[in-house]
Amino acid sequence: MKSTGVVRRVDDLGRIVIPKEIRRTLRIRDGESLEIFVDREMIALKKFSKMNDIEEISKQIVDIMYSAIEKNIFITDRDKFIAGAGPLRKKFLDKNISKYLETIMRDRKNIIETSNHNIELIDLEEENTSYVISPIIMNGDAIGLVLVLSEKSDIGKTEEKMASVFAQFLGKHIEE
C-alpha cells in the first residue's frame with residue numbers, strides 16, 4: 001500500500017476529512033458509501049458498490065450473451081467496466097467509464113445506435129461502433145450499465161431487448 005504523505009486529525013466525533021484531490025482521483029462523490037477494512041493497526045477505505053456483490057454473475061452473463069449474439073458485451077458499475085466479453089474486452093475491462101456514459105446512467109434511458117458512430121466509452125478515447133446501452137436500476141438509482149457493441153452496424157431490436165432484460169435482471173438481483 002502506497003503512502004500519500006497526507007496526515008489528518010480525527011475530530012471529537014471520530015471524523016476524518018479525505019482530501020479533495022484523493023476524492024477526485026478515486027471518483028468518490030458526495031454522499032457515496034465507503035467500506036471500512038481493518039488489518040492489525042491499519043484502516044483501509046474502499047468505495048462501496050452494490051455491483052461488487054454481483055461481479056461473478058456479471059461475468060457469467062456477459063459470457064452467455066456473447067455466446068448467443070457474438071457481439072462485445074460489457075457491464076459497468078457507477079465508475080468502471082466490471083465485466084466484459086468479446087474482442088474489446090481487454091481494452092476496456094477495469095477502466096473508468098467516460099463522462100458520456102455517466103450522463104447516460106444519470107438520465108436512466110436506453111440508448112440504441114444502429115449504425116456506426118464514434119462513442120467515448122473511456123475518457124479521451126472514441127470507438128467507432130453501433131451500440132445499445134441500458135442502465136441498471138436498483139431501487140430507483142442507476143448503479144451501472146449493460147452495453148452491447150458491434151463494429152458491423154448490426155445492432156437491432158434483439159440486442160436492445162437482451163441488454164434491457166439483463167439490466168433489469170441485475171437491478172432486481174441486487175435489490176434482493
Side-chain angles (χ1 to χ4, degrees), residues 24-33 47-176:
R24 184 180 301 131
T25 300
L26 297 177
R27 294 178 150 196
I28 298 171
R29 298 173 190 91
D30 292 345
E32 262 189 328
S33 297
K47 285 179 65 169
F48 178 75
S49 171
K50 288 273 191 183
M51 293 296 284
N52 289 342
D53 296 344
I54 62 158
E55 198 164 326
E56 195 55 44
I57 197 167
S58 295
K59 291 174 183 174
Q60 293 173 3
I61 286 172
V62 296
D63 288 341
I64 291 167
M65 286 177 68
Y66 182 75
S67 68
I69 62 175
E70 295 183 352
K71 292 178 175 57
N72 293 285
I73 317 283
F74 292 98
I75 296 176
T76 77
D77 62 13
R78 291 182 66 204
D79 298 307
K80 67 180 181 178
F81 289 85
I82 63 168
L88 294 175
R89 180 183 182 278
K90 289 182 181 177
K91 184 174 185 178
F92 296 110
L93 198 58
D94 294 324
K95 301 269 176 68
N96 288 336
I97 65 172
S98 67
K99 301 271 188 269
Y100 176 67
L101 291 181
E102 287 178 4
T103 301
I104 292 172
M105 193 180 321
R106 192 172 39 250
D107 292 345
R108 295 181 177 94
K109 293 182 183 170
N110 287 349
I111 305 290
I112 184 167
E113 190 58 62
T114 57
S115 60
N116 282 22
H117 281 70
N118 285 340
I119 180 173
E120 193 172 293
L121 299 172
I122 55 178
D123 286 332
L124 305 175
E125 193 167 327
E126 292 186 343
E127 198 68 35
N128 189 277
T129 184
S130 57
Y131 53 89
V132 61
I133 304 171
S134 292
I136 301 167
I137 309 294
M138 181 199 72
N139 296 326
D141 292 328
I143 59 165
L145 298 168
V146 174
L147 298 90
V148 180
L149 312 171
S150 177
E151 293 95 5
K152 297 179 183 175
S153 291
D154 59 352
I155 294 289
K157 291 290 181 192
T158 301
E159 291 79 11
E160 181 180 23
K161 192 66 171 170
M162 205 172 208
S164 178
V165 166
F166 279 113
Q168 289 174 34
F169 169 78
L170 289 169
K172 296 282 186 209
H173 186 76
I174 296 168
E175 283 177 1
E176 295 174 359

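Since the structure is predicted, the reported quantities are computational estimates derived from the model, not experimental observations.
Atoms CZ and CG, from R106 and L101 in turn, are 11.5 Å apart once rounded to the nearest 0.5 Å. Between R29 atom CZ and E102 atom CD the span is 5.0 Å, to the nearest 0.5 Å. In this structure, T114 OG1 and D154 CG are separated by 10.0 Å, a value rounded to the nearest 0.5 Å. For the atom pair CG of L147 and CD1 of I104, the computed distance is 7.5 Å after rounding to the nearest 0.5 Å. Residue I133 holds its CD1 atom at 11.5 Å from CD of E160, rounded to the nearest 0.5 Å. Between M138 atom CE and L170 atom CG the span is 12.0 Å, to the nearest 0.5 Å.
Panel note: side chain Q168, backbone V165; no donor-acceptor pair is recorded below 3.5 Å. Looking only at distances, a side-chain donor or acceptor of D123 sits under 3.5 Å from a matching main-chain atom of K99. Listed for the N72 side chain is a donor-acceptor partner under 3.5 Å among the backbone atoms of L88. The closest donor-acceptor contact from the side chain of S98 to the backbone of E120 lies under 3.5 Å. The closest donor-acceptor contact from the side chain of N116 to the backbone of S130 lies under 3.5 Å. Side-chain N or O atoms of R108 include one that pairs as donor or acceptor with a backbone N or O of G140 at under 3.5 Å.
Smallest separation of non-hydrogen atoms from N128 and E151: O-CG, 4.2 Å. Contact record, S134 with S164: OG-N, 3.5 Å, taken as the closest heavy-atom pair. Residues L149 and I155 approach most closely at C-CD1, 4.4 Å, considering heavy atoms. Minimum heavy-atom separation, I97 to R78: CD1-O, 3.5 Å. Scanning all heavy atoms of the two residues, the minimum distance from I82 to L93 falls at C-CD1, 3.7 Å. For the residue pair F166 and V146, the shortest heavy atom distance occurs at C-CG2, 4.4 Å.
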Start with the C-alpha distance between I119 and E113, add both sets of side-chain angles, then the distance that settles side chain to side chain contact (heavy atoms under 4.5 Å, CB included), and finish with yes or no. CA-CA 10 Å; I119 180 173; E113 190 58 62; over 6 Å; no

For Y131 and L121, what are the C-alpha separation, side-chain angles and deciding distance, and is it a side chain to side chain contact (heavy atoms under 4.5 Å, CB included)? CA-CA 11 Å; Y131 53 89; L121 299 172; over 6 Å; no

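Ring orientation note: the planes of F92 and F74 are nearly perpendicular, at an angle over 60° on the 30°/60° scale.
Looking only at side-chain heavy atoms (C-beta outward), F169 and I61 come within less than 4.5 Å of each other. By the 4.5 Å heavy-atom criterion applied to side chains, I73 and M162 are not counted as neighbours.
Note on residues 83-94: pairs passing side chain to side chain donor-acceptor pair (under 3.5 Å), not counting sequence neighbours, are K91-E125, K91-E127.
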